[in-house]
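Right, one structure below, let's go through it.
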Amino acid sequence: MLDTLAERYFHYLFSTYNIAERDAKRMQNLLSWAEKNERDAFKEISRFAAEQLKKIDKYFPTQAVELKRVIDVMKKPESIEQMKVYVDKYLKIVTSEEINQKLTINYVKSLYISPFYGQTSFLQKTFSAMTYDTHLKRMIKDFIEPARLEITFAELLQSAKSEEEIKDFLEKHKDYSGFKGWLKAIKKMKLSDTHQWFHENLLPCSFIDSLYATMNFEEMMFLPLGISRTNATNFFYDFNKINPIPMSAVARLILFLFPIGATFYNRQVGHGTAKETRRYAGIVLNSTRFADNYDANETYRNIRNEGGSFTDAVFGVLADVKQKAERSQRSLLFIEVHTDGSKKTVLDYYHMPAYASKYFSSNQSNALRVLFLKEEKDQFIRSILNGRDPKQEMFRYVREAIKNATHRTGALVMVQQRAKIMRVKKGVNEEMDEKQDKQIYVIYKQGIALQKRLEGKTNTETHDVYRADASKKIQGIAYRLLNSLKTGNPDSFLDTIMRLHVGVGLPVSSLFLDVLKKGGLDFETIGGAFIAGLLGEEYKEKPIGEEAK
């Protein structure tokens, strides 16, 4: 595999992140847009082409002159047909193999590889001007050949019939820094003494036990795991500051391949004004065969690349392993890592517990797919996988439902599904599960009944004017009840409920008293279901298959 690994590595990068294909697709989309909005689309086409010109001019001045002529006429096309001609000329220049290779490799290095390794080897800034062949040779020299030498030596050490075979090999490859000092140490030893010396004097690789360490782990080898030598003594092997984290070239090579195996996507982090978008790399692991891991990651990659959410990816991977052993479902581990190329790394990992696997494998969980708030839905799933109560995600969804009527049915679904996952976690039997589902719906209908009474009491004369007033009043009540939920204040919640029901002459369901008990429905479920009813309309739960569709 090592013979062709470097070629395969770069071939994968070119086929996955091909700049020429991306440009062609972008231009085609802009031309389609021009059919409806010619002026704005034409401006965007020339702007985008000008951006690419800056990159090309830096490395290909001759082609840049020709490209500039094309861009100049792009600014004043007489028709969309003429613009199509200009775009074709543009694409013929930028999609040439030489330019495409240069732009693609620099794009991939800056966005997908360098953040994990800094400026080691061909990731140095000076390599931006180098050719494809130069990159290939540097990868072979820095990563492939050291790994090949160490694997070959490890095999030789096991199979050698005489000490001369080992000494001859080390003599032949004495220029390799990893073998430094080995030949001198064993020069006068017999075979048995040679084996003993290696066993007693060399440290094993921290990542691969069967190989000897020939270097030390450094931040440039995998930045997300980077540590400071002065502040991380407890991580050092035998408290050895000279050889803090011994590793082999094979381990370094495997770590360097991480961006090839990972799936990259943007993810929103935080809420409200603190929200930001970060680029994450994600992988899926389980304790079964490597082939199963590969299949799971291909499923994960395909779903994310097609715009699927984290929720879609989790369901997709689970469906993929459904035919395999049940233990593979229980052992699924989802890892997400973000690094900005500095020492700041965010690592999230979600190990699917048995109860979560049971929930996601059931038809009930399909209801989550119809939720419109993608980020809240994804975070809901992440909380479940982490074994946390997803009530905060439920609160945020209910809050959005108060502001936007589109999400009001979704708020009830979120309340129902949180209650279900918490019951699965506790091991509640089927009879109690059905009973509590009915109780949630009763509370939901109580909220609808109060809503109708409030609207009916307010809408007396001019229907349209007072309708707005009723809506604002209900919205204010919903915010007040939600605040009681978030602060864990059942007394305030019940006080508001009692006053509202008395005010409109509506009896209060005894289920509300469960907020004061340890058994039965929990406070968050009761409050969430009632607020969803107060905001929504009569909701008739569809069959799970129809919901998913």
Side-chain angles (χ1 to χ4, degrees), residues 270-275 370-377 379-380 390-419 440-509 511-512 515 521-541:
H271 305 280
T273 57
K275 184 185 294 184
V370 303
L371 299 177
F372 296 137
L373 291 174
K374 177 181 173 182
E375 296 304 324
E376 296 302 340
K377 176 172 62 175
Q379 194 54 47
F380 183 84
K391 62 182 180 181
Q392 295 301 327
E393 288 73 33
M394 184 190 77
F395 292 155
R396 286 194 290 270
Y397 211 105
V398 171
R399 186 175 184 82
E400 285 298 321
I402 296 174
K403 295 189 291 184
N404 188 340
T406 305
H407 304 300
R408 289 177 179 175
T409 298
L412 176 61
V413 172
M414 183 70 90
V415 172
Q416 291 173 323
Q417 295 309 308
R418 173 192 166 269
I440 292 172
Y441 190 62
V442 168
I443 294 171
Y444 175 76
K445 289 181 68 176
Q446 185 85 8
I448 291 176
L450 180 61
Q451 176 208 95
K452 293 185 182 301
R453 287 292 182 95
L454 289 171
E455 290 178 343
K457 183 176 180 180
T458 311
N459 301 337
T460 53
E461 298 178 6
T462 54
H463 182 273
D464 291 335
V465 174
Y466 285 93
R467 179 74 181 178
D469 289 343
S471 176
K472 290 179 181 178
K473 180 178 181 180
I474 290 171
Q475 191 177 47
I477 293 169
Y479 276 124
R480 193 191 320 162
L481 293 173
L482 180 59
N483 286 336
S484 297
L485 274 186
K486 292 170 69 176
T487 56
N489 191 339
D491 292 335
S492 173
F493 179 85
L494 284 177
D495 181 65
T496 302
I497 292 293
M498 296 297 182
R499 289 175 182 272
L500 288 170
H501 282 71
V502 169
V504 296
L506 192 70
V508 181
S509 171
L511 288 173
F512 284 112
V515 304
L521 294 176
D522 61 283
F523 177 35
E524 292 79 11
T525 299
I526 292 172
F530 182 76
I531 296 172
L534 186 64
L535 298 170
E537 299 175 347
E538 184 100 23
Y539 169 66
K540 296 181 180 179
E541 190 169 3

Spacing of Tyr441 atom OH and Leu412 atom CG [to the nearest 0.5 Å]: 8.5 Å
Non-neighbouring partners of Asn483 that pass side-chain contact (heavy atoms from CB on, under 4.5 Å), sequence neighbours left out: none
Side-chain touch Leu371/Met414, heavy atoms, less than 4.5 angstrom: yes
Heavy-atom pair with the smallest gap, counting every atom of Val504 and Arg453: O-NH1, 2.8 Å
Heavy-atom closest pair, residues Gly528 and Leu485: N-CD1, 3.6 Å
From Ile440 atom CD1 to Leu511 atom CG, the distance as rounded to the nearest 0.5 Å: 10.5 Å
All salt bridge (charged side-chain N to carboxylate O under 4.0 Å, His left out) counterparts of Glu375, not counting sequence neighbours: none
Student check: side-chain heavy atoms of Phe512 and Met498 closer than 4.5 Å: no
For Asn489, side-chain hydrogen bond (donor to acceptor under 3.5 Å, both in side chains) partners two or more places apart: none
Which donor-acceptor pairs under 3.5 Å do the side chains of residues 490-497 make with protein atoms, sequence neighbours left out?
{"unit_1": "Ser492", "atom_1": "OG", "unit_2": "Ser484", "atom_2": "OG", "d": "3.2"}
{"unit_1": "Asp495", "atom_1": "OD1", "unit_2": "Arg499", "atom_2": "NE", "d": "3.4"}
{"unit_1": "Asp495", "atom_1": "OD2", "unit_2": "Arg499", "atom_2": "NE", "d": "3.1"}
{"unit_1": "Thr496", "atom_1": "OG1", "unit_2": "Ser492", "atom_2": "O", "d": "3.1"}

Those residues that, when tested against Lys374, pass salt bridge (charged side-chain N to carboxylate O under 4.0 Å, His left out) (two or more places apart): none
Spacing of Gln392 atom CD and Gln379 atom CD [to the nearest 0.5 Å]: 10.5 Å
Partner set under side-chain hydrogen bond (donor to acceptor under 3.5 Å, both in side chains) for Glu393, not counting sequence neighbours: Ser383, Arg396
Under the salt bridge (charged side-chain N to carboxylate O under 4.0 Å, His left out) test, residues paired with Arg408 that sit two or more places apart: none
Interatomic spacing from CG in Leu481 to CG in Leu500 - rounded to 0.5 Å: 7.0 Å
Interatomic spacing from CE in Met394 to NZ in Lys486 - rounded to 0.5 Å: 11.0 Å
With sequence neighbours excluded, residues passing side-chain contact (heavy atoms from CB on, under 4.5 Å) with Phe372: Tyr397, Thr406, His407
Qualifying residues under side-chain hydrogen bond (donor to acceptor under 3.5 Å, both in side chains), relative to Glu524, sequence neighbours excluded: none
Atom pair CG (Leu534) and OH (Tyr444), whose distance is rounded to the nearest 0.5 Å: 10.5 Å
Taking every non-hydrogen atom, the tightest pair across Lys403 and Gln475: CA-NE2, 4.0 Å
Any side-chain heavy-atom pair of Leu450 and Ile477 under 4.5 Å: no
